[in-house]
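A quick write-up on the structure given underneath.
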Amino acid sequence: MALEHDIASLVEASEALTSTVDNKIQSIDSALNAAISTSKSKTDQHLAKVDTQLSQYMESQSHFRVTKNQVLLPNEDGSFPKDWSLGDLVQARLVETVESGVEPGDRSKLAQEFLSAIGSNTKHFARNFNIWEMEYKPHRSIENGQSDPVKAPSLMMYQYVRRPTYVTCAAIVKHIRGAVPIGVWCGGLEANAPAKVCGGGITHNNRNFYTMCHPYIHGTHLDMSETTVIQIALPAVVTGNVPIANAWGQFPYLGDSSVSAYEHEPNPV
């Protein structure tokens, strides 16, 4: 009986110890979870402050345009925006002048669509600008190393741009038909979607480099009759990193003295 009593006492003591250990583990787990929660909360608060400061910094940058004629004033014969190179153009036409000082409901649906893409479908905004419709070849012909003609992606409207710093290239673009262009001011363009700001940043690794800022149309598999048509407004290359999803608009020109910083606004078509 004494042995059975001793065994029972030992079992009871073991159970008591197990209970004590379990309670201690729970206490440690609770303290650890509380510490982790507090640490996570402080980390989240710190990251939120960093994100806020970074966002404020992004919005407080000064951006200057290094390309001309963002409002797309026509050239002398009215066939194309002046100061821009054609690329592999078929034809272009000035569709509409989007005017400031007009009640939003009195504007055309197209004007409202383009203004809404930059959050500016209000009575007053920066200044008038033009919307152009442009048709491009699906591909072009170049010579290979043996001087034989081969198909290559076609090039769209562009300007020569010095690249001494990080720049952002973007425009409000709407795809109408054909192969969807890619790159620079067509970056992120979607087929048959409403007008949107397309583009993105261009880095540099040498302050004496340049770019031609032309999107590509990869239509070498298409017949030449299957042209690409887009509508475009407010294209530009500007200094710095512009968060184009919510901060695109009209930028002052940083260039030769013969061109005013903001140029002249177009008259209504």
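Quick caveat, the model's predicted, so the values are computed rather than measured.
Judged by distance alone, with hydrogens and angles left aside, the side-chain atoms of Gln70 form a donor-acceptor pair with the main-chain N or O of Gly249 at under 3.5 Å. Between the side chain of His175 and the backbone N or O of Ala193 there is no donor-acceptor pair closer than 3.5 Å. Side-chain N or O atoms of Tyr136 include one that pairs as donor or acceptor with a backbone N or O of Met157 at under 3.5 Å. In this structure a side-chain-to-backbone donor-acceptor pair under 3.5 Å is present from Arg65 to Thr67. Judged purely by atom type and a 3.5 angstrom limit, Glu113 uses its side chain to pair as donor or acceptor with the backbone of Ala195. Remark: the backbone N or O of Leu72 is paired with a side-chain donor or acceptor of Trp132 at under 3.5 angstrom. Remark: the backbone N or O of Asn121 is not paired with any side-chain donor or acceptor of Ser116 at under 3.5 angstrom. Distance alone, capped at 3.5 Å, is enough to place a donor-acceptor pair between the Trp248 side chain and the Leu234 backbone. Under the 3.5 Å distance criterion, the side-chain polar atoms of Ser154 are matched with a main-chain donor or acceptor of Lys137. Of the possible polar contacts, one joining the Asn128 side chain to the Ser100 backbone as a donor-acceptor pair under 3.5 Å is found.
A side-chain donor-acceptor contact under 3.5 Å links Thr227 and Arg177.
Gln231 pairs with exactly one of Glu96, Glu133, Lys174 by the side-chain hydrogen bond (donor to acceptor under 3.5 Å, both in side chains) rule, that one being Glu133. Each of Val184, Asn241, Val237, Thr239 was checked for a side chain to side chain contact (heavy atoms under 4.5 Å, CB included) with Thr168, and the lone residue meeting it is Asn241.
Using a 4.5 Å heavy-atom cutoff, the side chains of Arg207 and Thr165 are in contact. Contact of the Val150 side chain with the Ile142 side chain is registered, since non-hydrogen atoms from C-beta on lie closer than 4.5 Å.
Heavy atoms of other residues, nucleotides or ligands lying less than 6.0 angstrom from CG of Asn206 number more than 12. Residue Arg140 qualifies as enclosed at atom CZ: its count of foreign heavy atoms under 6.0 Å is above 12. The number of heavy-atom neighbours closer than 6.0 Å to OH of Tyr160, taken from other residues, nucleotides and ligands shown, is above 12. Residue-environment remark: CZ (Arg127) stays at or below the threshold of 12 foreign heavy atoms within 6.0 Å.
Taken from CG in Asp106 to CD in Gln112, the straight-line distance is 9.0 Å, to the nearest 0.5 Å.
Taking every heavy atom of both residues into account, Arg107 and Gly101 meet most closely at NH2-N, 4.3 Å.
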